[in-house]
Visitor: 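For reference, the structure I am asking about is given below.
Just so you know, these numbers come straight off a predicted model, no measurement behind them. Hydrogens, waters and symmetry mates play no part in the numbers below; they use all other heavy atoms, side chains included. For the single chain, residues carry numbers from 1 onward in sequence order.
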Amino acid sequence: MEPDAHEGAEERTALALMARTALERVGLEVSPQEATHPAVVEAAHVAQSVLRTGPPSPDRLGRLTGMLDRARSDGMSTRPSVLPWPTRLAAPGPHLARSVTRALKSVPHQGTEAGAPRGSSVAGWCAHEEETARHAVALLQSAWPGAAAELGAVLVQIALLDGPGIDGFTDFTVHGAVFVRRDRLVPDADGLPGAVRLAEALVHEGAHTRCNAASVADRPFLRPLEESGPMVATPLRLDPRPLTGLFQQMVVLARSVLLYRRLLAQDTCGLDAAPAVRARHDRLAHSAVEAVRTMARHRDTLTAHGTAMLEDAARVAQVRV
């Protein structure tokens with residue numbers, strides 16, 4: 001459950017090798033560093049899909065070449081990162097827009113009125129939002145250096161979402177990119193500061209990023225099932241989710257609780273924000289208990305690695321399993 005920058009970097013390297021291999025099979029080459037870029041990861045997914053139907057046609061190969069050219073153009077930006085990480089605050093790009101389109105298709109309707117806006121789109125970062133991002137990273141480095149180091153190792157792009165459709169998400173097709181709604185960068189109604197809310201969002205989406213990578217890089221959490229497996233109620237989604245979704249929510253919630261405990265222990269956010277920080281901790285802790293108890297009812301589906309994670313999460317949630 002504790003972050004591990006070294007493991008995160010190893011998983012990122014393993015996934016980059018997979019991306020390079022997929023592209024080499026269609027005759028395209030990228031460097032190890034280029035293969036970590038989310039747009040190149042997307043191109044590798046497209047290459048894998050193309051190869052399922054045989055050798056790529058000239059048109060499809062041309063599309064893949066164009067995707068790599070655009071990725072290289074984005075990756076060779078001379079502007080340094082505004083963060084103390086290699087991670088960049090992403091400008092809108094085609095691979096990010098396609099990811100948002102996919103994500104919107106999976107968002108359940110929540111009884112919104114007909115004609116009410118549900119969309120989301122990738123937005124550029126304003127100067128004051130960049131400053132909030134720097135403050136959020138500084139909070140992480142002060143309160144939880146291990147989490148800050150891991151996020152710096154596994155995140156390549158942080159994309160800003162405009163619109164009410166999605167609060168935030170990750171997408172394995174553009175692995176290394178995370179998406180956060182810009183509303184998370186301002187104080188909420190309870191007075192929780194924007195930098196704290198963004199720090200939580202980064203821990204949340206970073207946990208999904210690690211889980212996605214570990215599941216593919218030879219460290220799965222769940223045993224293969226002969227069928228699709230049960231759909232279960234989860235704390236963070238209205239719609240029933242598969243066990244993989246429940247498992248990731250459990251990890252996300254446990255890590256979020258750990259973040260707020262560290263913020264409270266160090267009084268990092270100041271006395272004025274302490275009540276809001278405490279209230280947010282308590283809400284997350286309640287959801288973590290719910291996630292752990294539900295996952296414990298399905299512990300026979302877990303690998304040894306997954307069982308160890310469940311036990312770690314139970315310790316954080318202070319519940320027996």
Side-chain angles (χ1 to χ4, degrees), residues 1-4 7-8 11-12 14-15 18 41 45 48 99 102-110 147 150 154 166-179 200-259 283-321:
M1 195 59 60
E2 286 290 338
D4 190 319
E7 278 189 0
E11 291 163 358
R12 179 176 165 180
L15 291 180
M18 293 179 189
V41 174
H45 279 275
Q48 288 178 318
S99 182
R102 287 190 295 271
L104 284 168
K105 292 178 181 178
S106 70
V107 174
H109 291 274
Q110 301 182 17
E150 181 185 273
V154 303
I166 308 174
D167 194 44
F169 71 99
T170 58
D171 175 5
F172 189 62
T173 303
V174 289
H175 185 75
V178 297
F179 298 76
E200 180 195 329
L202 293 177
V203 168
H204 180 130
E205 303 304 341
H208 282 303
T209 300
R210 280 294 318 274
C211 285
N212 288 339
S215 295
V216 176
D218 255 351
R219 300 195 71 202
F221 303 109
L222 288 140
R223 302 178 188 278
L225 299 175
E226 293 183 3
E227 299 177 359
S228 58
M231 302 291 284
V232 295
T234 64
L236 301 181
R237 290 282 294 259
L238 294 176
D239 53 327
R241 302 294 294 159
L243 290 177
T244 53
L246 169 64
F247 185 90
Q248 290 203 17
Q249 283 191 31
M250 178 187 73
V251 176
V252 163
L253 286 163
R255 281 195 168 191
S256 298
V257 168
L258 289 174
L259 168 66
R283 286 194 294 272
L284 290 166
H286 177 80
S287 294
V289 169
E290 182 183 344
V292 167
R293 285 177 171 164
T294 305
M295 193 71 249
R297 291 197 289 270
H298 300 276
R299 69 184 303 157
D300 60 321
T301 66
L302 296 173
T303 64
H305 185 204
T307 300
M309 292 288 283
L310 169 63
E311 292 169 353
D312 280 352
R315 281 190 284 273
V316 173
Q318 299 175 347
V319 60
R320 289 187 177 185
V321 294

Visitor: Please name the pair of heavy atoms, one in Ala314 and one in Val321, separated by the smallest distance, quoted to 0.1 Å.
Guide: CB-CG1, 3.7 Å

Visitor: To check you understand the geometry: which heavy-atom pair defines the closest contact between His298 and Val232, and what is its length?
Guide: NE2-CG1, 3.7 Å

Visitor: Do the non-hydrogen side-chain atoms of Val174 and Phe179 ever get within less than 4.5 Å of each other?
Guide: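 Yes. Closest side-chain heavy atoms under 4.5 Å.
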
Visitor: Considering non-hydrogen atoms only, spot the tightest contact between Gln248 and Asn212 and give its length.
Guide: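 Heavy atoms only, the tightest pair is NE2-OD1, 2.9 Å.
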
Visitor: Can you give me the closest heavy-atom contact between Cys211 and Phe221, atom names plus distance?
Guide: O-CE1, 3.7 Å

Visitor: Please test Glu200 against Leu284 for side chain to side chain contact (heavy atoms under 4.5 Å, CB included), starting from the C-alpha separation and ending with a verdict.
Guide: CA-CA 11 Å; Glu200 180 195 329; Leu284 290 166; 4.1 Å; yes

Visitor: Using every non-hydrogen atom in the two residues, find where Ala313 and Met250 come nearest and quote the distance to one decimal.
Guide: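 Heavy-atom minimum between the residues: CB-CG, 3.7 Å.
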
Visitor: Taking the side chain as C-beta and beyond, is there a heavy-atom pair between Leu222 and Leu302 under 4.5 Å?
Guide: yes

Visitor: Mind checking the OG1-CD spacing from Thr234 to Glu290? Nearest 0.5 Å is all I need.
Guide: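 Thr234 atom OG1 to Glu290 atom CD measures 8.0 Å (nearest 0.5 Å).
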
Visitor: Any side-chain heavy atom of Leu15 within less than 4.5 Å of one from Arg12?
Guide: no

Visitor: To the closest 0.5 Å, what do you measure between NE2 (His305) and CG (Leu310)?
Guide: 12.0 Å

Visitor: To the nearest 0.5 Å, tell me how far Gln48 CD sits from Met18 CE.
Guide: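 Going from the CD atom of Gln48 to the CE atom of Met18 covers 9.0 Å.
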
Visitor: Might you point out which heavy atoms bring Arg255 and Ala207 nearest each other, and give the distance in Å?
Guide: CD-CB, 4.0 Å

Visitor: Which value, rounded to the nearest 0.5 Å, describes the distance between Thr209 atom OG1 and Glu11 atom CD?
Guide: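 Going from the OG1 atom of Thr209 to the CD atom of Glu11 covers 10.5 Å.
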
Visitor: Ignoring hydrogens and geometry, is there a side-chain-to-backbone donor-acceptor pair from Ser106 to Ala103 under 3.5 Å?
Guide: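 Pair found, side chain donor or acceptor close to backbone of Ala103.
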
Visitor: Drop me the distance from Met295's CE to Arg297's CZ, to the nearest 0.5 angstrom.
Guide: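 Answer for the CE-CZ pair, Met295 versus Arg297, is 10.5 Å.
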
Visitor: Can you measure from CG (Asp300) to CZ (Arg223) and round to the nearest 0.5 angstrom?
Guide: 8.5 Å

Visitor: Would a 4.5 Å heavy-atom cut-off, applied to side chains only, mark Pro230 and Leu243 as touching?
Guide: yes

Visitor: Under 4.5 Å between any side-chain heavy atoms of Asp4 and Arg210, yes or no?
Guide: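 Yes, at least one pair of side-chain atoms sits under 4.5 Å.
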
Visitor: Taking C-beta and beyond as the side chain, do Leu236 and Leu253 meet within less than 4.5 Å on heavy atoms?
Guide: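 Yes. Closest side-chain heavy atoms under 4.5 Å.
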
Visitor: Quick one: does Gln249's side chain get under 4.5 Å of Arg241's, heavy atoms only?
Guide: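 Heavy-atom side-chain distance check passes, below 4.5 Å.
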
Visitor: Between His45 and Phe172, how do the two ring planes meet: parallel, tilted or perpendicular, split at 30° and 60°?
Guide: perpendicular

